[in-house]
Amino acid sequence: MKYHSLHKKATETNFKNAVIKGLAEDKGLYFPNEIKRLPTAFINNIEQLSNQEIAFTAIRQFVGDEIPKAELQRIIDETLSFDFPLVAIEENIKTLELFHGPTMAFKDVGARFMARCLGYLNRESHREVTVLVATSGDTGGAVASGFLGVKNVNVVILYPSNKVSEVQEKQLTTLGKNIKALEVDGTFDDCQAMVKKAFLDTGITSVKQLTSANSINIARWLPQMFYFFFAYKQLADKNKKLVFSVPSGNFGNICAGMLAKQLGLPIHHFIAANNSNNVVTRYLQTGDYIVKPSFQTISNAMDVGDPSNFIRIQKIYKNDFEALKNDLYSYSFTDDETREAMLHLYKKCNYIADPHGAVGYLGAKEYLKENRGVQCVFLETAHPVKFLDVVEPIIGNNIPLPTQIQEVIHKTKEATFISSYTELKSFLLDK
Ligand SMILES: *Cc1c(COP(=O)(O)O)cnc(C)c1O
């Protein structure tokens, strides 16, 4: 499969180079040249297939023969070594739990897939690759865990000081080995801006092969489409219209869902559920796309002022605003509304949601007020234990620590504090 840059200036490239580079030379995100619909029989018989078989069929065309069949199957088997249960919540509302992986957030799948692809694609190279990544919370842990011990790969994670939860911080600062954490005096947007600048700095790129493990990297972004197939597979009633509510920050997850629809998965509508960082909600209302600095909320993994994947969504809908509006709904919710939803879910539905999932739930509720005869699935993108300081006071109860969390919570944090791009640069060059 060939990929082109959405800024249209860089030359086309293959899967391997797109994964190793992350971002094209012209700063554009890579996008596949072609999207081929899957056979209807695949969708019709999905219940007979294992998750691994579904994932292989869905992603095969995007990898092409650059990774041999057996190797790609191994990568998928290792990536998907946990469950993705669909849980009933209320009438016409279900949730797909994406938090059963090693760091208990949905980003595990993308990070594990990308790490294994990179390990394979770079296996014979003598040049180390440095994965440089900015995190608003969950990416850091997922990338740290996914890439730990991968040969020829170093990982540098930038996270905003005091703006990630304790569990999240521990997950990205305690693993050691090839994983280094940089604690940045600033916001997530500052971290992301520094990472983008480093990619364009020839003073760095002439000596280091840098790549990104944010959802701008196709190997992180593409496997997220699996979730939508897994949800569909588990639905008892496949005739009722299906709507996904996706708690969104950088819009990688929902954009992967739109790709699943392009492949033929019968998805009626998407709901982008936002916290108060709501560029896209406002865009759909007004037609004006106005980027703003992000600010902190209790669903911190969605505190994004300039969603990096929105340009891919525009591409999928051929820059046709009306076509996009036909498929995509978006609502935004305050922290107070989110807290109320968490309490309601706990008291009335016997379900402990994390703040991001709760925003997804609210999106589904809002949509159902106006639209009948559909079923909504909201994605529960993280386990509530990752946001203990928010969740426990709301439900007035303790959440037992799952083993994945117990393993890191008592370890000692190791991070380097930086407050400028210059410090990032010397850190990268010193190693
Ligand atoms: C990253 C993240 C999101 C947002 O996903 P995007 O693909 O960036 O839109 C939502 N919830 C949680 C828990 C996350 O970690």
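Counting convention: from 1, in listed order, for ligands and their atoms alike. Positions are given from 1 along the sequence.
Within 4.0 Å of ligand 1, counting heavy atoms only, the contacting residues are Phe106, Lys107, Asp138, Pro247, Ser248, Gly249, Asn250, Phe251, Gly252, Asn253, Ala301, Met302, His356, Thr381, Ala382.
Checking side-chain atoms of Lys411 against main-chain N and O of Thr173 turns up no donor-acceptor pair under 3.5 Å.
Between Val385 and Leu401, some side-chain heavy-atom pair lies under the 4.5 Å cut-off.
The number of heavy-atom neighbours closer than 6.0 Å to CG of Asn350, taken from other residues, nucleotides and ligands shown, is 12 or below.
Partners of Phe295 by ring-ring contact (aromatic ring centres under 6.0 Å, His included), not counting sequence neighbours: none found.
Between Phe321 and Tyr283, a ring centre-to-centre spacing shorter than 6.0 Å is recorded. Aromatic rings of Tyr227 and Phe244 (six-membered ring for Trp) have centroids beyond the 6.0 Å cut-off, not under it.
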